[in-house]
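Let me begin by presenting the structure, written as structure tokens, before commenting on it.
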Amino acid sequence: MSLQGKEIQEMHKKYILQSWGKAGQDVLPVEKAKGIYFWDYDGNKYADMASLLVCSNLGHELPEIVDAIKEQADKMCFMAPAYASEPKSRLAKMLVEAAGEDTYKRVFFTNAGAESNENAIKMARMVTGRTKIFSCYRSYHGATLGSSNASGDWRRFAAEIGGANGFVKFMNPHMYRDGYTKGKDDAEVTKKALADLDLQLRYEGTNNVAAILMESIVGANGVILPPDGYMEGVRALCDKYGILMICDEVMAGFFRTGKWFAWQNFDFKPDMITFAKGVTCGYVPLGGVIVNKKIAEYFEENVLQCGLTYSGHTLACAAGVAAMNYYKEHKIGEHVAEMHEIVSAFMNEMAEKHKCIGEARCIGLFGALEVVKNKETREPMQEYGVPGPVMPWIFAELKKRGFATFGRENFIEICPPLIITKEELEEYLPILDEVLTMVDEKYCD
Ligand SMILES: Cc1ncc(COP(=O)(O)O)c(C=O)c1O
């Protein structure tokens, strides 16, 4: 490795507390990024097939966003929440329009995804006067204290030390893992899952439940596509009991699924929409909560007991306006629909061809391959919550070949930047095929 790269890696190793890992490990030092690629200090090129953490929806160093940030930086980097600024006002209007002005009215800005969910939870409690927040086991909502407690996967455990106040989990269906087939058993699974949730809400006391918080499509737990009718059924339960429905669009929003927001693929509307990641594609951190008219009007009459020094950060909002203009002007939704055809055909082929792939799931450019030891029994490559060597080996082999992505115990995420071209897909997807062949031979029954 070059001296500069080595020095940066060594300082990282010595001084950084590593997210979700042990400190003191070697991590790859990255020098620059452009389009769907990034490069290390030795000039090795990597295709970013996960949009980093499913956030770089428009790829890296897009001139339209970079120029907007530079222009805003020259004028005014930051103005406090108590003042209006052009980027903040414009972005709020654009977000309400994207969600639908017939239903939605106002935006509260935060700095990232966890804070968005955190503030949505607070708002739901203020509006309803109720405490409990229902959320799914198969979910991730962020790593601050409240959002961690709302998260369902194992990343919440450290936050639960001392107790989780008012957070209740329910099991959202995962057709493949629960032994069903998507497209065949949907009606049966939906009926059973909704009946279970209804019963659980009543056991918790429906009058105590402020909100049901759900990812519109579960992302970091493996792009779990809900059975038909399930999300609409949850909405109906919320209506029945006066519970607010919050859709977490942090990962699934901003055309990841081909629409502004993933819930727009279904036939329901949430009361609140939390967002982050794709709103600026990570060029500057930004998140927020879009609320419907009823909630907006509540806070026209009552004080919103939420606030952040950097709410509506000027530079971040300038990046957001540029990103939203780009999504619209370059018809990213249409491009995603075209690229989806290539990616989903490839993923289905992988599921047919490889012993190690149990199922392919993909909506828009939001995809995951379920990795199994045994296709017949659906035995996962690694059990939930049990770290093992195979998945890290897969990600390392992919990275060695210039294909950068991530996943967890038993799935590989395929979520490239939405601007990826047919030629780029044709160049990089075969690498995955090659590595999966090695997995078949080395690790499958
Ligand atoms: C669905 C969802 N919600 C919330 C978050 C947390 O966002 P952040 O890391 O920006 O706080 C994530 C992060 O991956 C996410 O996928």
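Just the heavy atoms: all of them, side chains too, but no hydrogens, waters or symmetry mates, feed the values below. The residues of the chain are indexed from 1 along the displayed sequence. All ligand and atom numbering here is 1-based and tracks the order in the structure.
- Formation of a donor-acceptor pair under 3.5 Å by the Tyr327 side chain with backbone atoms of Gly278 is found in this model.
- Between Tyr37 and Tyr428, the ring-plane angle classifies as tilted under the 30° and 60° cut-offs.
- With sequence neighbours excluded, no residue satisfies ring-ring contact (aromatic ring centres under 6.0 Å, His included) with Trp39.
- Within the structure, every pair that satisfies the ring-ring contact (aromatic ring centres under 6.0 Å, His included) test and touches residues 85-129, not counting sequence neighbours, is listed here: Tyr104-Trp263.
- Sparse packing is recorded around OH of Tyr310, with 12 or fewer heavy atoms of other residues, nucleotides or ligands lying under 6.0 Å away.
- Contacts classified as salt bridge (Lys or Arg N to Asp or Glu O under 4.0 Å) and involving residues 302-328 (residues at least two apart or in different chains) are not found.
- Protein residues having at least one heavy atom under 4.0 Å from any atom of ligand 1 are Ala112, Gly113, Ala114, Asn117, Tyr140, His141, Gly142, Glu215, Asp248, Val250, Met251, Lys277, listed by chain and number.
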